[in-house]
Amino acid sequence: MEDDCRPLLNSEQTAESFSHRGSTDSLDFKNKRPFHVEPRNIVDDDPQERVSAEAAILNSRVHYYGRLTGSSDRLLSPPNHVIPGPEEIYIYSPLGTAFKVTGSDGAAKNPSIITIFAIWNTMMGTSILSIPWGIKQAGFTLGILILIVVGLLMLYCCYIVLKSPKAIPYLDTSEWEFPDVCRYYFGKFGQWSSLVFSMVSLIGAMVVYWVLMSNFLYNTGQFIYNYAHDVNVTDSEFGTNGSDPVICPYPNTDPGGNLTQSTVFLGGGNGTTGDSFERWWSKTNTIPLYLIILLLPLLCFRSASFFARFTFLGTISVIYLITLVTIKAARLGFHLEFHWFQPSQFYVPEFRLLFPQLTGVLTLAFFIHNCIITLMKNNKHQENNVRDLSVAYLLVGATYLYVGILIFAAFPSPPLTKDCIEANFLDNFPSNDVMVFVARSFLLFQMITVYPLLGYLVRVQMMGQLFGNHYPSFFHVLALNILIVGSGVLMAKFYPNIGSIIRFSGATCGLALVFVFPALVHMISQKRQGTLRWPSAVFHSFLMVLGVANLVAQFFM
C-alpha cells in the first residue's frame, strides 16, 4: 500500500544514481517508474472535462507496467511507446484531479523559420571572410566539392548530437546538453574533455576576433586619416586600376614579407606627419594594444545581457557582405581558367595538396554542435527539428558557396594571380574603398559587441566547472580575461593570419565535438540497443579517423 501511494515518476536525480549513468544495469527502476494519471477529471478550460478513452487506455498500460517494474527483472520495464510524451503529462493531485501543465514557455516557442535563421545567424561568423582563401588553397573545383561534402558530414554529426539525449533510456534528459551526454557515456573524462575542446573553439574565435578588430580598426583609421588630410592612395604595380581597384597585399605570397598593401603617397603634408601617423597607427604594433583599453573592462562586466541586444548586427553585417560581394563581382566580371593539376602564371590548379587548410576552416565554419540542443529546444514543432536543421545547413552552405565562388571567380586574373586572395578577402581591397570601409565599420562594431559575449561564455563554462560559481571574484575574472586578451594581442602582433588560426582551432575542436564524441556516442547507443551493424561501425569509425587526420594534416600545410 505504501508503494501504491508513491508517485510513479521521480524527476529528482541523486548524485549516486548520476554517477552510475554509464550502466543500464545499475538503474533504480523505482525512481524511473513512469508518471500516470488516474481516470478522473482533467482540469483544463472546462473543469468537468473527462479524460478521453485513449488516455484511459494509455493510463491503464502505464499503471500496469509501473507495477511490474517493482520486479528486479529489467525486461519488465515499460517500453518507450507506452510512456506519455511531454505534451501528455499531467500533475496528479491527491484530490483526484489532474492538472495539465501548459507553462509559460509555450508562447516563447519559435516557428521553424525563426529557428532556421537563428541557426544560420549563429553559424555565420568570421569564417565567411576566409572561405574564398580556403577555396583558393584547395583549388576551385576541389574546393567546391570539399565544401559540399564537409557540410553534409557536419550536418550528420550535428544530427547525432541533437538526437543523443533522447537515445538515453530511463532518464529525464530534457535539460541536458551535449557535455551531459558525454558525461553519461564517458564519465568525468567526457565532461572535462568536452569542456576543454569547447574552450578551444570559443577562445580561438576570440583570438580571430582580436586580429580582425585590429585589422578593421587600422583600415578604418587609415580611411579617415587619408580623407581628412587629402592623402592620395595611388594604384601600385601590385593592384588594378579603375573604379573598383583590387590589390595584392603580398605579391610574393609570403604573409611575413616586407611588401605592404600599396604605395601610399602623402599629399598636402610633409613626410614627418605621415611617418608619425604610421608609427602610432600600426596594424600589428599599436592597434592591438589600443583595443585593450576598450575591451578588457567590457569583459569584466558581471552580466553580458547589454551586449546581447546587438546580436542583430551580425545578420546586418552578413547581408551587407553578400551585397558587397554581388556588386563587386558584377563590376569586375568573372576571370576563370581551368588548369587541373599544373599552375599557370595567374591561375591555381583545380586540385591542390593544400586542401586540408580548407577542411580545417570549414570545420569551424559549420560548427554549431555545442549549442544546437539549446537552439532546438525553442522550436515550436519539435517533430520538425531534423528538417529545420537540414534547411539551416543548406542555407549556410549556400551562403559560403556564393561568397567563395564569386570572390574567387571575380578576382582579376590577369593582371593579378589568384594566389593573391587573402585569408580575409576584404584585405584585397584598398583602404580608400568606400563600400569596403562601410563593411569594415559594420564588422568592427559587431565584433566589439560580440567579443564580451564570447568572453562571458568562456567565463561561465570555465568558472562554473572549476569553482561552481560563474563569478567567483573580480580578481578571478580579471586574471582569466587578461589571459584571453593577452593571447589575442600576441597573435595580432606576431601571427595575424586568421586563416591559419581558424583552421587550427576548427580542426582541434572538431576532432572531439564534431567527429569523435558524436560517432562514439552513436555506436555505443546502438550497441546497447542491439542495433549496431558493421556498416554503421565502419562509417562512424571512418568519421573518427577523418577528424584525427583533419587535425594532423594542419601541421603539414
Side-chain angles (χ1 to χ4, degrees), residues 21-24 119 123 146-169 171 173 176-201 204 355-356 358-376 385-386 389-390 392-393 396-397 503-554:
R21 284 178 178 176
S23 173
T24 55
I119 298 173
M123 263 197 277
I146 288 177
L147 197 152
I148 295 172
V149 172
V150 171
L152 292 175
L153 290 177
M154 296 283 286
L155 168 61
Y156 176 71
C157 294
C158 195
Y159 162 78
I160 294 177
V161 172
L162 180 63
K163 290 295 186 181
S164 59
K166 298 179 182 179
I168 298 175
L171 291 176
T173 60
W176 282 25
E177 300 294 339
F178 192 59
D180 299 314
V181 176
C182 293
R183 178 174 180 177
Y184 172 83
Y185 285 104
F186 311 114
K188 287 287 187 181
F189 170 78
Q191 179 187 9
W192 285 101
S193 58
S194 62
L195 173 67
V196 169
F197 286 106
S198 181
M199 291 297 99
V200 170
S201 65
F355 69 88
L358 176 60
T359 61
V361 170
L362 292 177
T363 308
L364 192 64
F366 285 109
F367 182 70
I368 198 175
H369 301 61
N370 60 345
C371 60
I372 189 61
I373 296 176
T374 301
L375 288 173
M376 282 303 188
N385 277 353
V386 176
L389 178 64
S390 303
Y393 260 83
V396 171
R503 66 185 177 92
F504 273 104
S505 60
T508 303
C509 72
L511 170 65
L513 299 181
V514 175
F515 295 108
V516 174
F517 281 168
L520 279 176
V521 164
H522 187 72
M523 286 193 290
I524 294 174
S525 175
Q526 284 188 326
K527 183 176 176 60
R528 291 182 179 179
Q529 296 173 13
T531 60
L532 181 62
R533 301 292 182 267
W534 71 265
S536 176
V538 170
F539 175 72
H540 292 91
S541 299
F542 168 74
L543 287 180
M544 292 189 289
V545 173
L546 196 64
V548 175
N550 185 35
L551 177 59
V552 172
Q554 305 306 319

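From a predicted model like this one, the values you see are computed outputs, not experimental measurements.
With contacts defined as side-chain heavy-atom distances shorter than 4.5 Å, the pair Y184/P165 does not qualify.
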Quiz item: Would T173 and D180 count as a side chain to side chain contact (heavy atoms under 4.5 Å, CB included) if you check the C-alpha gap in whole Å, the side-chain angles of each, and the deciding distance to 0.1 Å?
Solution: CA-CA 9 Å; T173 60; D180 299 314; over 6 Å; no
Quiz prompt | Steps toward side chain to side chain contact (heavy atoms under 4.5 Å, CB included) verdict (I373, W176) | solution = CA-CA 8 Å; I373 296 176; W176 282 25; over 6 Å; no
Quiz item: Going through the distances and angles, do I368 and L375 end up as a side chain to side chain contact (heavy atoms under 4.5 Å, CB included)?
Solution: CA-CA 10 Å; I368 198 175; L375 288 173; 3.5 Å; yes
Self-check item: Worked verdict on M154 versus M123 for side chain to side chain contact (heavy atoms under 4.5 Å, CB included)
Solution: CA-CA 12 Å; M154 296 283 286; M123 263 197 277; over 6 Å; no
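When the side chain to side chain contact (heavy atoms under 4.5 Å, CB included) test is applied to V386, the partners found at least two apart in sequence or on another chain are Y159, K163, S390. Applying the ring-ring contact (aromatic ring centres under 6.0 Å, His included) test to Y393 and every residue at least two apart in sequence or in another chain returns F366. Qualifying side chain to side chain donor-acceptor pair (under 3.5 Å) partners for S198, counting only residues two or more places apart in sequence or in other chains: Q461. Remark: V552 pairs with V548, F556 by the side chain to side chain contact (heavy atoms under 4.5 Å, CB included) rule, at least two apart or across chains. For the side chain to side chain contact (heavy atoms under 4.5 Å, CB included) test, residues two or more places apart in sequence or in another chain that qualify with S525 are A167, Y185, Q529. Residues meeting the side chain to side chain contact (heavy atoms under 4.5 Å, CB included) test with P179, sequence neighbours left out: E177, S194.
Nearest heavy atoms, M544 versus A519: CG-CB, 3.8 Å. The two residues G360 and N550 have their closest heavy-atom pair at N-OD1, 3.6 Å.
Between the CD1 atom in I160 and the CD1 atom in I372 there is a gap of 13.5 Å [rounded to 0.5 Å]. Here the CG-CZ distance, from L364 to R503, works out to 13.0 Å after rounding to the nearest 0.5 Å. Atom OG1 of T363 is separated from atom NE2 of H369 by 9.5 Å, given to the nearest 0.5 angstrom. Expressed to the nearest 0.5 Å, how far CG of L155 lies from CG of L162 amounts to 10.5 Å. To the nearest 0.5 Å, the span separating CG on L147 from CG on L152 amounts to 10.0 Å. L520 contributes atom CG, which lies 5.0 Å from atom CE of M523 (distance to the nearest 0.5 angstrom).
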Output a table of donor-acceptor pairs, distance under 3.5 Å, between side-chain atoms of residues 535-542 and any protein atom two or more places apart or on a different chain; print 'none' if there are none.
from	atom 1	to	atom 2	distance (Å)
S536	OG	Q526	OE1	2.8
S536	OG	H540	ND1	3.2
H540	ND1	S536	O	2.7
H540	NE2	Y156	OH	2.7
S541	OG	A537	O	2.7

I'd like a table of donor-acceptor pairs (distance under 3.5 Å, sequence neighbours excluded) in which one partner is a side-chain atom from residues 504-516, with atom names and distances.
from	atom 1	to	atom 2	distance (Å)
S505	OG	I501	O	2.9
S505	OG	I502	O	3.2
T508	OG1	F504	O	2.7

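Checked against the 6.0 Å centroid criterion, the rings of F517 and F186 qualify as a close aromatic pair.
Contacts classified as side-chain hydrogen bond (donor to acceptor under 3.5 Å, both in side chains) and involving residues 510-520 (residues at least two apart or in different chains) are not found.
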